[in-house]
Amino acid sequence: MTTVTQPKEASEKVDLWLRMYRQMVAIRQFEAQVNELYTRALMPGLAHLYIGEEAVAVGVCEALERTDYITSTHRGHGHCLAKGASPDRMFAELLGKKAGYCKGKGGSMHIADPATGNLGANAIVCGSAGIATGAAFSSRCLGNGRVSVCFFGEGALGQGVLYEEMNLAQLFKLPVIYVCENNLYTEYTHYSETTAGDILSRAIAFGLEAASVDGQDVRAVHATAQRLVDRARRGDGPAFLLCDTYRYHGHHVGDINREYYRSKQEEHLWKTERDPIAKLGKWLVEQKLADVAALDRLQTELESEMKKAVDFAVAAPYPAVDEVGEDVYA
Amino acid sequence: MTTVTQPKEASEKVDLWLRMYRQMVAIRQFEAQVNELYTRALMPGLAHLYIGEEAVAVGVCEALERTDYITSTHRGHGHCLAKGASPDRMFAELLGKKAGYCKGKGGSMHIADPATGNLGANAIVCGSAGIATGAAFSSRCLGNGRVSVCFFGEGALGQGVLYEEMNLAQLFKLPVIYVCENNLYTEYTHYSETTAGDILSRAIAFGLEAASVDGQDVRAVHATAQRLVDRARRGDGPAFLLCDTYRYHGHHVGDINREYYRSKQEEHLWKTERDPIAKLGKWLVEQKLADVAALDRLQTELESEMKKAVDFAVAAPYPAVDEVGEDVYA
Amino acid sequence: MPETHLHARDDRELTFAQAIREALAEEMRRDPTVFILGEDVAEAGTPFKVLSGLLEEFGKDRVLDTPISEAGFTGLAVGAAMTGMRPVVDIMFGDFVTLTMDQMVNQAAKVHYMSGGKWRVPMVMRTTMGATRRSAAQHSQSLHAWFCHVPGLKVVLPSTPYDAKGLLKAAIRDENPVVFFEDKMMYKLKGPVPADDYIVPLGVADVKRVGEDITLVATSSMVQVALGAATLLEEVGISAEVVDPRTMWPLDERTLIESAKKTSRAIVLDEGYERYGVTAELASVIATGAFYDLDAPVKRMGAMHVPIPFSPPLEDVTVPTEQTVFEAARALCGR
Amino acid sequence: MPETHLHARDDRELTFAQAIREALAEEMRRDPTVFILGEDVAEAGTPFKVLSGLLEEFGKDRVLDTPISEAGFTGLAVGAAMTGMRPVVDIMFGDFVTLTMDQMVNQAAKVHYMSGGKWRVPMVMRTTMGATRRSAAQHSQSLHAWFCHVPGLKVVLPSTPYDAKGLLKAAIRDENPVVFFEDKMMYKLKGPVPADDYIVPLGVADVKRVGEDITLVATSSMVQVALGAATLLEEVGISAEVVDPRTMWPLDERTLIESAKKTSRAIVLDEGYERYGVTAELASVIATGAFYDLDAPVKRMGAMHVPIPFSPPLEDVTVPTEQTVFEAARALCGR
Ligand SMILES: Cc1ncc(C[n+]2csc(CCOP(=O)(O)OP(=O)(O)O)c2C)c(N)n1
Ligand SMILES: Cc1ncc(C[n+]2csc(CCOP(=O)(O)OP(=O)(O)O)c2C)c(N)n1
Ligand SMILES: [Mg+2]
Ligand SMILES: [Mg+2]
């Protein structure tokens with residue numbers, strides 16, 4: 001399902017497209033810095049980069065209001081940024097610093113931010129399907145019109161709780177969208193080895209509205225997401241959105257030698273022929289909505305912005321040791 | 001899907017039909033005695049009667065070999081008998097006696113019998129989906145050609161693990177049949193309130209061969225089950241069989257006043273117009289394969305057989321108290 | 001400290017089940033964000049009929065029947081609690097908490113901490129425990145020890161109708177996930193319950209009976225067993241003090257330890273499995289806290305380390321009884 | 001009783017991970033019904049690379065990658081175990097056992113008993129434990145106490161490569177469901193491992209270091225911590241005995257109690273949460289068994305009662321270290 005673009009529509013939506021372009025570049029630059037922090041041994045633990053998948057988070061989150069909810073995954077930096085979080089406090093969290101979104105207690109896989117409706121990244125595969133569904137339940141009860149989006153990788157299709165939640169969401173007609181990011185791999189296994197039957201049919205069988213979209217085409221993602229979000233907000237119930245995408249890097253920053261599970265050729269193909277940023281950039285230039293130099297400038301600008309954010313985080317202090325016992329109980 | 005019956009076929013299959021008739025009556029008479037034991041306060045705890053659903057267990061189990069496996073549910077007496085267990089040792093188990101199939105340790109909801117391939121009833125809704133799938137996995141590994149049947153009520157469709165198992169079964173092409181007994185109610189809730197979308201589509205979405213059948217027509221159940229079992233035995237993978245049926249009694253023997261969740265009218269309709277035993281009996285008589293008197297005699301004969309089995313169980317001793325600590329570890 | 005026996009003058013008596021229902025009704029009236037979610041909770045009011053009447057008063061939007069999806073609706077409750085609601089989840093048999101462990105432990109218990117204190121999960125999971133109902137191994141377990149082991153959760157085990165009402169109201173108002181265990185054999189137990197709006201704070205033990213010679217620390221239905229044993233002990237001249245921690249976490253260690261110091265002997269009683277269970281923690285707390293005052297090792301009595309058997313004569317020996325507690329206490333006192 | 005230090009002469013050294021792999025390979029060669037099931041176990045050999053090479057030797061039918069369905073494939077393993085196979089299930093992080101509790105506790109643990117001894121479930125669940133890997137609250141837990149609480153299960157916590165190999169082989173040959181916990185921080189630990197086919201029986205503790213003044217009972221990686229602390233203690237003239245129960249169930253109570261009786265002081269160390277955890281059981285067993293010989297209360301040291309924080313300086317204080325154990329032991333000995 002792709003957007004059919006008329007010149008008139010194009011000029012109306014130009015702000016949106018430029019914003020989405022910028023946001024995708026921001027995510028990519030953010031993740032480049034994460035990889036850098038890992039390589040420089042400045043980051044404790046590991047992180048899962050979202051590079052290559054930017055169009056999904058951006059296309060979906062641009063269809064949401066700030067007060068709408070999202071839940072995210074171990075590969076969550078993109079969702080978090082797309083929903084409006086600041087890079088500096090994110091980096092601080094990744095380094096375990098007090099200034100981080102979770103005072104350093106959460107780390108890369110647990111960033112949460114009530115101010116932007118981010119209910120939290122989750123390190124349990126499919127661990128947030130219940131939370132997203134419950135947030136949609138609250139919206140229905142409180143009548144606040146909020147929509148809830150549950151992001152997850154196709155690996156989460158293996159978890160039974162996903163089907164329990166879809167069943168509940170459909171029975172209660174909840175405003176929740178389940179967004180499946182099919183990047184072809186779980187950790188080191190191709191999804192075809194772990195996924196029988198047909199993905200979209202699984203959601204349809206539970207009565208959900210379901211759609212699939214090229215996850216590298218941010219305009220397509222956005223248009224379809226907007227339709228499903230509007231539908232949910234109107235009270236027409238839950239939906240499932242399948243996005244075909246690809247992670248350029250390894251499962252996590254330390255996953256360097258990948259040839260035993262996927263070919264360099266495949267990686268090359270996705271990077272060169274299906275890159276979501278290049279794709280939108282090319283189109284914007286073609287449509288004369290932006291020029292190459294401006295897009296390049298944006299790149300540099302965001303790179304230096306991210307570097308500044310990193311510097312802030314590196315310089316920020318750790319929490320005091322006696323904070324360890326705080327926040328266990330509210 | 002109903003069997004189209006030709007006179008020639010009918011005479012060939014007459015043994016099967018009479019056997020199925022007898023088996024259905026046996027189950028009904030068994031359950032009548034269970035209810036009696038409860039009413040007479042002779043049975044510890046509760047039991048879930050299979051009356052009304054006999055055609056499902058009998059139709060499916062007649063399509064199996066003795067060495068094939070089944071797993072069963074809290075409403076499991078029918079499956080157990082249909083797979084070949086003896087009423088006397090079943091009653092003994094229901095009374096917690098040493099002569100019971102599980103030495104009295106299991107009770108109504110846990111009867112198991114390796115001799116007839118019964119892997120056990122299960123008091124966790126959907127608790128045996130993994131076990132049945134695993135038994136099919138063993139068959140594949142050991143190459144013994146056994147098929148595994150997982151019986152469950154439509155309530156089990158709410159449990160995510162069912163979808164995990166169907167996915168695994170299809171990926172590994174395991175010889176397992178998931179038999180869903182849709183008797184319209186979980187405990188006290190109509191299935192339409194707990195089941196979104198379409199049941200059969202759920203199985204199809206995971207790639208399984210799926211079929212639905214009138215669960216009150218034992219010949220239809222048998223024919224469809226046989227097709228799916230043969231297919232599984234050939235190595236063509238798992239299947240899902242949906243049987244529409246009805247429990248005449250309450251959720252358990254103590255569930256007497258049911259009008260808050262289902263009408264007497266509905267109960268009456270199923271009992272009078274869709275009874276599996278009456279239906280097959282009528283057909284056998286019409287086809288001149290049996291006469292009414294013979295069928296009635298069978299009824300009386302099985303009733304007294306069941307009474308004898310009850311007497312055995314009532315007279316049987318309890319296990320010695322110090323057996324409590326045995327069988328925890330093998 | 002509200003103590004049950006002090007309220008014996010109150011002439012209104014309710015069953016344990018009625019007390020639970022009253023607590024829920026009062027909190028639902030007080031706070032429109034409180035709702036109930038579970039299997040057969042609406043028209044049926046649960047198989048134990050504990051919730052009968054709530055649907056009629058509060059309607060289908062606040063008393064919701066779910067599919068048989070313990071993980072699913074518990075997860076939904078976590079998300080609802082984070083975003084402005086106060087769910088009370090009903091897990092019919094405590095044995096089914098096995099299906100909710102990821103939602104309760106990896107999600108509910110950790111959300112507050114992992115978010116640096118930003119999100120909260122004010123939810124209650126009500127579930128059952130207790131054997132001797134002839135329900136066999138998958139419907140008779142008391143698995144509360146698992147939850148006690150998990151930081152971020154609170155765990156409540158009421159032993160009287162009075163405590164049940166007051167503790168449940170406190171649990172619902174708490175800002176944290178609370179697991180509330182009801183012994184299904186106690187639903188018909190009667191006791192005084194004030195009609196007014198009181199709470200029993202979490203973390204405060206209750207001395208259910210004052211005594212001098214031995215301390216019986218008991219939880220849930222074991223409190224009744226301990227009180228029964230205390231009566232038997234009185235007949236042989238042994239004065240037993242019965243202490244009910246009421247909440248396993250937070251745990252009122254001080255009251256337990258002070259009692260043991262005073263009596264110099266203690267038995268801890270709990271219906272969960274004895275091994276690696278609640279009795280181990282309580283015994284260890286007392287053995288450490290009252291080390292220099294104990295005249296004998298702390299004795300633990302929990303469920304026998306076997307899956308609960310169906311057969312009545314076998315099932316009956318798996319849990320402590322008045323008689324076995326009486327005998328153990330007597331032996332401990334050397335009489 | 002095979003004791004690790006007795007094998008120090010063996011000149012072949014393996015890492016903990018290699019010892020696990022060797023045990024699996026040997027058992028798979030010996031018994032064609034043994035197979036491995038889990039996420040990313042085949043080509044990837046798990047993220048920890050513990051299983052590297054097994055796919056190549058045993059093929060896709062015996063080393064199977066699964067979907068991310070911990071409940072699903074654990075359940076499958078239960079059924080396979082009942083019908084002639086010997087599954088070894090791999091649960092990548094111990095935190096994910098939350099998803100398998102129903103299959104392990106309501107099914108695997110109870111099948112034998114509920115069937116009156118007729119069906120058996122000879123399966124092993126291998127999983128990980130241990131913090132300080134900067135993996136935060138959902139990838140750092142040590143939840144073995146839950147399984148210890150469940151009759152029908154056996155629970156193994158190896159602390160050395162030698163024990164890992166011998167105990168895993170014993171676990172695979174056992175007729176019961178066994179949960180086998182590997183501390184992920186120990187995979188690179190080296191130690192002597194004989195190339196021959198030996199087993200370490202389940203239920204036999206091992207005295208890892210002989211001492212006179214204080215007993216340190218320690219499990220899994222805490223054994224290394226205890227040995228380190230013992231070295232520090234030696235410098236201040238305190239002789240510590242380090243006892244490793246090796247299996248939490250069956251539990252070799254006698255060895256623990258005898259050591260505490262001899263030294264008159266004990267600390268129990270375990271990386272699970274201290275509250276309602278393994279330390280409670282072990283402390284209680286010792287406090288009771290050595291009651292008349294103890295000069296001080298048994299001291300418990302486990303993980304702090306908080307979800308494991310990500311931030312390194314915070315995470316580091318949540319678990320016992322050589323230094324904190326040293327100090328606690330010194331205090332307990334009054335020096
Ligand atoms: C319940 C659970 N099982 C296993 C894991 C380990 N794990 C972390 S990420 C991952 C793969 C996830 O794949 P997918 O959902 O497709 O997301 P992607 O990494 O591709 O974005 C696995 C198996 C986990 N975190 N949680
Ligand atoms: C996991 C779990 N949740 C809840 C229950 C309580 N329970 C027992 S039977 C039942 C209803 C089952 O309905 P269904 O699967 O349709 O089977 P039926 O009784 O209709 O044969 C419920 C909810 C249970 N035994 N296990
Ligand atoms: Mg993926
Ligand atoms: Mg039903």
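The model shown is predicted, which means the values in this text are computed figures rather than measured ones. In the text below, chain A, chain B and the rest are named by the order of the sequence lines, each starting its count at 1.
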*C:Tyr113 side-chain N/O to A:Glu326 backbone N/O, donor-acceptor pair under 3.5 Å*: no

*Minimum heavy-atom separation for A:Asn167 to C:Pro67, with atom names?*
ND2-CG, 3.5 Å

*List the steps, then state whether side-chain contact (heavy atoms from CB on, under 4.5 Å) holds for C:Leu76 with A:Glu164.*
CA-CA 10 Å; C:Leu76 187 156; A:Glu164 299 188 14; over 6 Å; no

*Between CG of C:Leu37 and CG of A:Leu168, what distance do you get to the nearest 0.5 Å?*
7.5 Å

*Does a sphere of radius 6.0 Å around CZ in C:Arg254 hold more than 12 heavy atoms from other residues, nucleotides or ligands, not counting ones at 6.0 Å or beyond?*
no

*So which part of A:Leu162 gets closer than 4.5 Å to some heavy atom of chain C, the side chain, the backbone, both or neither?*
neither

*asked:* As an exercise, state the distance from CG of A:Leu119 to CH2 of C:Trp119, rounded to the nearest 0.5 Å.
replied: 4.5 Å

*asked:* With a 4.5 angstrom heavy-atom cut-off, is it the side chain or the backbone of C:Ile68 that approaches chain A, or both, or neither?
replied: neither

*asked:* How close do A:Arg140 and C:Leu64 get, counting heavy atoms only, and between which atoms?
replied: NH2-CD2, 4.1 Å

*Heavy-atom distance under 4.5 Å to chain A: side chain of C:Met82, backbone, both or neither?*
side chain

*asked:* Report which part of A:Val324 has an atom under 4.5 Å of a heavy atom belonging to chain C: side chain, backbone, both, or neither.
replied: both

*Given a strict heavy-atom distance threshold of 4.5 Å, which part of C:Phe35 is in contact with chain A: side chain, backbone, both, or neither?*
side chain

*asked:* Need one label for C:Leu99: side chain, backbone, both or neither, based on atoms under 4.5 Å from any heavy atom in chain A.
replied: neither

*Pick from C:Glu70, C:Arg120, C:Arg62, C:Met114: which one has the most heavy-atom pairs with chain A under 4.5 Å?*
C:Met114

*Out of curiosity, C:Ser115 OG to A:Ile111 CD1, how far, rounded to the nearest 0.5 Å?*
12.0 Å

*Would you indicate whether the side-chain heavy atoms of A:Val161 and C:Gln103 approach each other to under 4.5 Å?*
yes

*Let me know if A:Phe172 has heavy atoms under 4.5 Å from chain C in its side chain, its backbone, both or neither.*
side chain

*Give the intermediate values and the outcome of side-chain contact (heavy atoms from CB on, under 4.5 Å) for residues C:Met85 and A:Leu142.*
CA-CA 8 Å; C:Met85 303 296 291; A:Leu142 302 171; 3.7 Å; yes

*Between C:Gly79, C:Pro32, C:Ala109, the one whose heavy-atom pairs under 4.5 Å with chain A are most numerous*: C:Gly79

*Among the options A:Ala330, A:Gly160, A:Gly130, A:Gly107, pick out the one with the most heavy-atom pairs lying under 4.5 Å from chain C.*
A:Ala330

*Contact summary for C:Gln107 and A:Asn122, nearest pair of heavy atoms*: OE1-ND2, 2.8 Å

*Do you know which of A:Pro114, A:Gly100, A:Ala112 has the most heavy-atom pairs under 4.5 Å to chain C?*
A:Pro114

*If you round to the nearest 0.5 Å, how far is CE of A:Met166 from OG of C:Ser69?*
12.0 Å

*asked:* Testing the basics here: between A:Glu165 and C:Ala71, what is the closest heavy-atom pair and its distance to 0.1 Å?
replied: OE2-O, 4.0 Å

*For C:Ala80 and A:Ser138, work out which heavy atoms get closest and say how close.*
O-OG, 3.1 Å

*Indicate the atoms forming the closest heavy-atom contact of C:Thr83 with A:Gly134, along with that distance.*
OG1-O, 4.1 Å

*Indicate yes or no: at least one non-hydrogen side-chain atom of A:Phe137 is less than 4.5 angstrom from one of C:Phe73.*
no

_From C:Lys118 atom NZ to A:Cys102 atom SG, the distance as rounded to the nearest 0.5 Å_ = 6.0 Å

*A:Lys105 side-chain N/O to C:Gly117 backbone N/O, donor-acceptor pair under 3.5 Å*: no

*With only heavy atoms counted, which part of C:Lys110 is less than 4.5 Å from chain A, the side chain, the backbone, both or neither?*
neither

